[in-house]
Amino acid sequence: MPEKEFIISQATRVVAEDFRNNILKNATEILQRDIQKVTTQKESDNEIYLTVDDHAAVEGDDFQINQSTDSRITITAKTSLGVMYGALAVSRNILKIDDFWYWMDTVPSVQKSIKWTNFDLHIPDYRTKYRGWFVNDELLLRGWKDHDSDRYVWNRVFETALRVGCNVIVPGTDVSSQINRNPAKSFGLAIAQHHAEPLGAKMFAREYPDLTASFIKYPDLFRKLWRDAIMDQKGTPTIYSLGFRGQGDKPFCEDDNSREWNDQSIADVVNGIIQEQYDMVRELDPEAPMALNIYGELAGLYRKDLIKVPDDVIEIWADSGYGKLVSRRQNLDNPRLPLLDVPNPHHRQRGLYYHVAFHDLQASNFLGLLSNSPEFVSSELTKAHEKHFDTLELVNTGNIKPHVLYLREAAKSWIDGYQARTNDQILDDYVANYYGSHQAEIVSLYKRYWQAIVQYGSHSDETAGDEFAPFMIRRIIKAWVGHREKMSDTGWVVGDVSLPEAVKKIDGLIEPKLPEWQSLVLDIKKLMLDLSEQDAKTLYGDLYLSVLYQANGLNAMHLVIQAYNLSMAAQKDDDYLKPFLLADEAYHAMSDIVFAQDHHKSTKWYDFYKNDGYDDMPLTAIKLKFLRHYLRTLGDTEDEDAWERNYIKTPGEARVMTLWTTSREMSDDHLARKLREKLIDKL
């Protein structure tokens, strides 16, 4: 029997049975776009037909592909989401479009036409029922447009989520989640909700800015927000999040001074609200699943057996924020309670909220790669699945682009039969997929990233991401210039010690790692000179920037600490000259990060980092520039001319006083450059 074949070419049309179905419409547009992208020649007119059929011979969201005639392929499923998965399977397996093409800028192989013979495509056998992305801390996405459109960007978020097997998404935080909810549904994704936004309701403080966000004071206003949210979403694929936190993702009792709070009184309020919300959903949207995030303060109350949960609600437990399956550190409170050992006497379904990106304003990774290795993440996810924390898994994606390595592996872990993989296995697979040459060298560079990571805590997983250096630098400067005895918000790493002791401890953590980071930066730069343009762009955006955040950030912090120590020992004005130059060097190290972001090897990403308000490298550079001038103010004269006169001008010119000066004082930049030039043998 001759082999069936179907020729995909520029003449192939993708047709939906019903264009009023937005999911089919989006599936059609994606597959048609990809066909146009990878073929160049028109052959015989034919079509790929997308249709939903309640009687399709598949289960769940699976699909089937049949060649109904020589000129028609039919992709059929019982659900619209199944048809979307089918269209994406053709894009991936037949057209060879990478799942992360948008974020990795992969260039597909272009052919005149494509001969399609394998129609036996299906979704993988997933062990995780609800598989989702939590697009959280999405500052970069909020501030960036591609194709002059933020909607285009978010549509690519939804497309990529579907490509890796998601069927659920939390489409942003606060205002973003409200805006993106319906567009996400139009791609076939069910909506889950941020733990700080129960039922997907609008924030109380946004709707009632002049009122205290107190359920005790204004229960009916909260109930109205919840009811409105359910009515807005009822009948659509939604997993309602129950619970109650304060405005801004913090304990509600911090916003509510209506009484004195203890564990029992907090639990009483939360339990009453959970039951009210549960009953409200059962009344208004009876078939909808519900979940409760055992997160933050709720985890401690749950372990004390103070939280009452209806048995058909899915429990969602969270990792440490750094990928470890223990409770999250909250400022100085770090009990590291094991997540997987929590008894489950009611046999509730359980899920996981897992971070491959995180923002806690202290030491996490926001702009770059997670500070714990992919092997570590693979192992932790495998343990969670073995303990059946796999009914619902939400992976915190941050802004997606910096975290593709981990998002790709997390998606693989949802598939039945997945086993924990080593760094070698994960990186060999990843690098082979995204780089055309020098693969062994590139794998080695990735490995060195985690070998160079600073460990800030006593546990091996307590490692410093890209937020660590800028966070600490700003606090050192504040305490130093403000003549404070201690730094704020840093007891979790230095303890309750004075500023001199704190900076000594921090420097002891980071200084041994500085040579590794500087060597890694240099070796990546060298290799990029030998790579193809495409591979160099990929390495720049996927690894080099992550390394630069660490290398330059930690080096800038080391320089600030050196400047601080010398400044504290200064006995005369000129003793501030060396600290001034150290601060100048730190300023340029941080500015180089901003320059590297703004001059990405791919012009597409030039503006992607502009809205970084967490690491806030630009603000940190401004603080360092200020510190530099502060030190000049301490050491130079009121008119800022002594260092120039004593160290830069020729002796004859410096001594001639007929005219006090022949030009204005040098800028800090100019002065630092000239001082280095003159004092190169003395510094």
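Numbers for residues simply follow the sequence, beginning at 1.
Between P618 and V594, the shortest heavy-atom distance links the atoms N-CG2, 3.9 Å. Counting all heavy atoms, side chain and backbone alike, D105 lies closest to S602 at OD2-OG, 3.6 Å.
The closest donor-acceptor contact from the side chain of Q10 to the backbone of K42 lies at 3.5 Å or more, if one exists at all. Judged by distance alone, with hydrogens and angles left aside, the side-chain atoms of E47 form no donor-acceptor pair with the main-chain N or O of V15 at under 3.5 Å. One N or O on the side chain of N396 and one on the backbone of G398 form a donor-acceptor pair closer than 3.5 Å.
Other residues, nucleotides and ligands contribute over 12 non-hydrogen atoms within 6.0 Å of the OH atom of Y606. For NZ of K525, the number of neighbouring non-hydrogen atoms (other residues, nucleotides, ligands) closer than 6.0 Å is 12 at most. The environment of NZ in K604 is crowded: more than 12 heavy-atom neighbours from other residues, nucleotides or ligands sit within 6.0 Å.
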CA sep, side-chain torsions, deciding dist, call: Q41, S113, side chain to side chain donor-acceptor pair (under 3.5 Å) = CA-CA 6 Å; Q41 181 172 291; S113 61; 5.0 Å; no
Apply side-chain contact (heavy atoms from CB on, under 4.5 Å) to L81 and I23, showing your working.
-> CA-CA 7 Å; L81 177 59; I23 301 169; 5.6 Å; no
Start with the C-alpha distance between R156 and I400, add both sets of side-chain angles, then the distance that settles side-chain contact (heavy atoms from CB on, under 4.5 Å), and finish with yes or no.
-> CA-CA 11 Å; R156 301 292 71 75; I400 301 166; over 6 Å; no
Q111 and T39: CA distance, side-chain angles, deciding distance, side chain to side chain donor-acceptor pair (under 3.5 Å) verdict | CA-CA 5 Å; Q111 305 173 55; T39 64; over 6 Å; no
Please report the C-alpha distance between N21 and S80 in whole Å, then the side-chain angles of each, then the deciding distance to 0.1 Å, and finally whether the side chain to side chain donor-acceptor pair (under 3.5 Å) criterion is met.
-> CA-CA 8 Å; N21 182 322; S80 298; 2.8 Å; yes
Report the C-alpha distance between I65 and W116 in whole Å, list the side-chain angles of each, state the deciding distance to 0.1 Å, and finish with yes or no for side-chain contact (heavy atoms from CB on, under 4.5 Å).
-> CA-CA 12 Å; I65 300 175; W116 181 9; 3.8 Å; yes
CA sep, side-chain torsions, deciding dist, call: F63, V58, side-chain contact (heavy atoms from CB on, under 4.5 Å) = CA-CA 6 Å; F63 55 88; V58 289; 5.8 Å; no
Is there a salt bridge (Lys or Arg N to Asp or Glu O under 4.0 Å) between R163 and D34 once you walk through the steps?
-> CA-CA 13 Å; R163 282 181 172 275; D34 290 350; 2.9 Å; yes
Dump the intermediate steps for salt bridge (Lys or Arg N to Asp or Glu O under 4.0 Å) on K202 and D174, then the final yes or no.
-> CA-CA 7 Å; K202 295 177 180 178; D174 191 16; over 6 Å; no
Using the side chain to side chain donor-acceptor pair (under 3.5 Å) rule, take D62 and H122 through it: C-alpha gap first, then chi angles, then the decisive distance, then the call.
-> CA-CA 6 Å; D62 197 9; H122 295 277; 3.1 Å; yes
Begin with the C-alpha distance, continue with both residues' side-chain angles, and end with the deciding distance and a verdict on salt bridge (Lys or Arg N to Asp or Glu O under 4.0 Å) for E375 and R421.
-> CA-CA 6 Å; E375 175 180 279; R421 301 207 296 171; over 6 Å; no
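Ring centroid separation for the pair Y614 and F366 comes in under the 6.0 Å cut-off. Aromatic ring centres of Y322 and F358 lie closer together than 6.0 Å.
Of the listed residues (W414, Y130, Y353), just one forms a side chain to side chain donor-acceptor pair (under 3.5 Å) with E393, and that residue is W414. Here the options are I415, L381, D390, the test is side chain to side chain contact (heavy atoms under 4.5 Å, CB included), and the partner is T128; only D390 passes. Screening T51, T28, T76 for a side chain to side chain donor-acceptor pair (under 3.5 Å) involving E17 leaves a single residue, T51.
Between K96 and S109, the closest side-chain pair of non-hydrogen atoms is not below 4.5 Å. Here the side chains of F100 and Y434 are in contact, with some heavy-atom distance below 4.5 Å. Contact of the N365 side chain with the H403 side chain is registered, since non-hydrogen atoms from C-beta on lie closer than 4.5 Å. At a threshold of 4.5 Å between non-hydrogen side-chain atoms, the residues L531 and S437 count as touching.
Classified by interplanar angle (parallel below 30°, tilted 30° to 60°, perpendicular above 60°), the ring pair W605/F608 is perpendicular. Classification of the F134-H194 ring pair by plane angle, with boundaries at 30° and 60°, yields perpendicular.
Residue Q425 holds its CD atom at 9.5 Å from CD of Q419, rounded to the nearest 0.5 Å. Within the model, atoms CD1 of I191 and CD1 of I239 stand 9.5 Å from one another, a figure rounded to the nearest 0.5 Å.
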